[in-house]
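Quick notes on the structure that follows.
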Amino acid sequence: MNEYNDTFVFLPNFRAAEGGSGAVLDSHEVVSWWGRATGVTWNNPFGNLTGVVNGGNSKSGLQAPTRPEDSMLLHPVVHVSKTDAEHYCAQRTAWDNERHGTPRGVTRLPTEVEWEYASRGGKEGRVYPWGNKERKGEEGVYRANYFQGTFPEMNTVDDGWEQTSPRGSFGPQNAYGLHDMVGNVWEWTSTAGGDGYVKKGGSFLCHSSYCYRYRNAARSFNSGDTTAANLGFRCVSSGGTEDEGA
């Protein structure tokens, strides 16, 4: 949720549960499949919970955030702006330092170069983290979560997931053992670009005919206050010892 208290959802998939808190305000004037919505947050990605608190810290006396539904706990967090992601990184740094009693490095967003280096897994000239073939073997097994069918009208869900998938659903994508580097959700980086900041990896809404960005080299941009149903982040840790990470 951004400073305007709204976010963007993919209209063909967004269905607020009866009695829930989500409501579509309007569809985007340029791209008709995106809708601006309220009542949708990182812990309420479908707008189907009531009484949701977006933020809060029980230690400071504020009400703690509502727990997301159990079915979503292994899914990537979405509806977070770059500012939200950086705030989490700062809090994670403080938590780690407090837990260990000494400075243990800094948790932060990766740069675009760091992100792509990690995605390539030590290999150069690869289209995808795993190589150059989009699918695996004669069976054509999918290795990432992205859109199949006719975008945006019909998702045939050949990869098994219409929206986000739990982390690790497709196994490690490269030699570094990293999961979901491409597909599932876009990931913020700290690198400025376009009218805002670079995001990498593509998402479950990417399709080869429209948004063929579930590739190592692909990139897109959003303003730092943007939030959406397919936009999340991952952290890196720097300045600590080898056995420490985010």
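All residue numbers refer to positions in the sequence shown, counting from 1. In this text the structure is predicted, and so the values were computed from the model without any measurement. The analysis underlying the following values was restricted to heavy atoms, covering all of them including side chains, and did not include hydrogens, waters or symmetry mates.
With Q173 contributing its side chain and M181 its backbone, the two residues share a donor-acceptor pair below 3.5 Å. S81 places a side-chain N or O within 3.5 Å of a backbone atom of D84 that can act as its donor or acceptor partner. Not a single donor-acceptor pair under 3.5 Å links the side chain of N155 to the backbone N or O of F147. At distances below 3.5 Å, not a single donor-acceptor pair connects side-chain atoms of N43 with backbone N or O atoms of R67.
Atoms OG and CG, on S237 and D96 in that order, are 7.0 Å from each other to the nearest 0.5 Å. Here the straight-line distance linking atom CD of Q91 with atom CD of E98 works out to 10.0 Å at 0.5 Å rounding. Between the CD atom of E69 and the NE2 atom of H75 there is a distance of 10.5 Å, given to the nearest 0.5 Å.
Using a 4.5 Å cut-off on side-chain heavy atoms (C-beta onward), R36 and F8 make contact. Looking at W188 and N222, their side chains come closer than 4.5 Å, going by heavy atoms from C-beta outward. At a threshold of 4.5 Å between non-hydrogen side-chain atoms, the residues P152 and F10 count as touching.
With no hydrogens or angles considered, a side-chain donor-acceptor pair links N216 and S119 at under 3.5 Å. Donor-acceptor pairing under 3.5 Å is lacking for the side chains of T41 and N44. If you check the side chains of S190 and R108, you find no donor sitting under 3.5 Å from an acceptor. Between the side chains of S165 and N145, a donor-acceptor pair is found at a separation under 3.5 Å. Defined by atom type and a distance below 3.5 Å, a donor-acceptor pair is present between the side-chain atoms of T7 and H79.
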Tell me, with the steps shown, if E112 and R219 meet side chain to side chain contact (heavy atoms under 4.5 Å, CB included).
CA-CA 9 Å; E112 181 181 15; R219 65 206 298 248; 2.7 Å; yes
Should W34 and L205 be marked as a side chain to side chain contact (heavy atoms under 4.5 Å, CB included) after you check the CA-CA gap, both sets of side-chain angles, and the distance that decides it?
CA-CA 11 Å; W34 281 112; L205 292 179; 3.6 Å; yes
Could you give me the CA-CA distance, side-chain angles and deciding distance for N230 and F204, then say whether side chain to side chain contact (heavy atoms under 4.5 Å, CB included) is met?
CA-CA 7 Å; N230 66 337; F204 65 91; 3.6 Å; yes
Full working for side chain to side chain contact (heavy atoms under 4.5 Å, CB included) between Y146 and N184:
CA-CA 6 Å; Y146 50 91; N184 215 7; over 6 Å; no
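Under a hydrophobic-cluster definition in which Ile, Leu, Val, Met, Phe, Trp and Tyr are linked whenever side-chain heavy atoms come within less than 4.5 Å, directly or via other members, M72 and V78 are assigned to different clusters. There is a path of hydrophobic side-chain contacts, each under 4.5 Å, that joins V77 to L109. L231 and Y197 fall within the same hydrophobic cluster, where Ile, Leu, Val, Met, Phe, Trp and Tyr residues are linked whenever their side-chain heavy atoms come under 4.5 Å apart, directly or through other members. In this structure, W161 is not a member of the same hydrophobic cluster as V185, with clusters built from ILVMFWY side-chain heavy atoms closer than 4.5 Å. In the hydrophobic clustering of ILVMFWY residues, with side-chain heavy atoms under 4.5 Å counting as a link, L178 and Y117 come out together.
A ring-centre distance under 6.0 Å is found for F233 and Y88.
The shortest non-hydrogen separation linking V198 to A192 is CG2-O, 4.1 Å. The shortest heavy-atom contact between G121 and A175 is O-CB, 3.8 Å. Summarising the geometry of V80 relative to T227, their closest heavy-atom pair is C-CG2, 3.6 Å, with the distance given to 0.1 Å.
Both tests pass for K199 against the ring of W186: distance under 6.0 Å to the centre and angle within 45° of the axis.
The stretch residues 172-195 participates, sequence neighbours left out, in these salt bridge (Lys or Arg N to Asp or Glu O under 4.0 Å) pairs: E187-R234. For residues 120-143, the salt bridge (Lys or Arg N to Asp or Glu O under 4.0 Å) pairs, not counting sequence neighbours, are E116-R120.
Between E114 and K200 there is no salt bridge, since no side-chain nitrogen of the basic residue lies less than 4.0 Å from a carboxylate oxygen of the acidic one.
Between Y214 and Y212, the ring planes are perpendicular. Angles over 60° get that label, and only those under 30° would be called parallel. Between F151 and Y210, the ring planes are parallel. Angles under 30° get that label, and only those over 60° would be called perpendicular.
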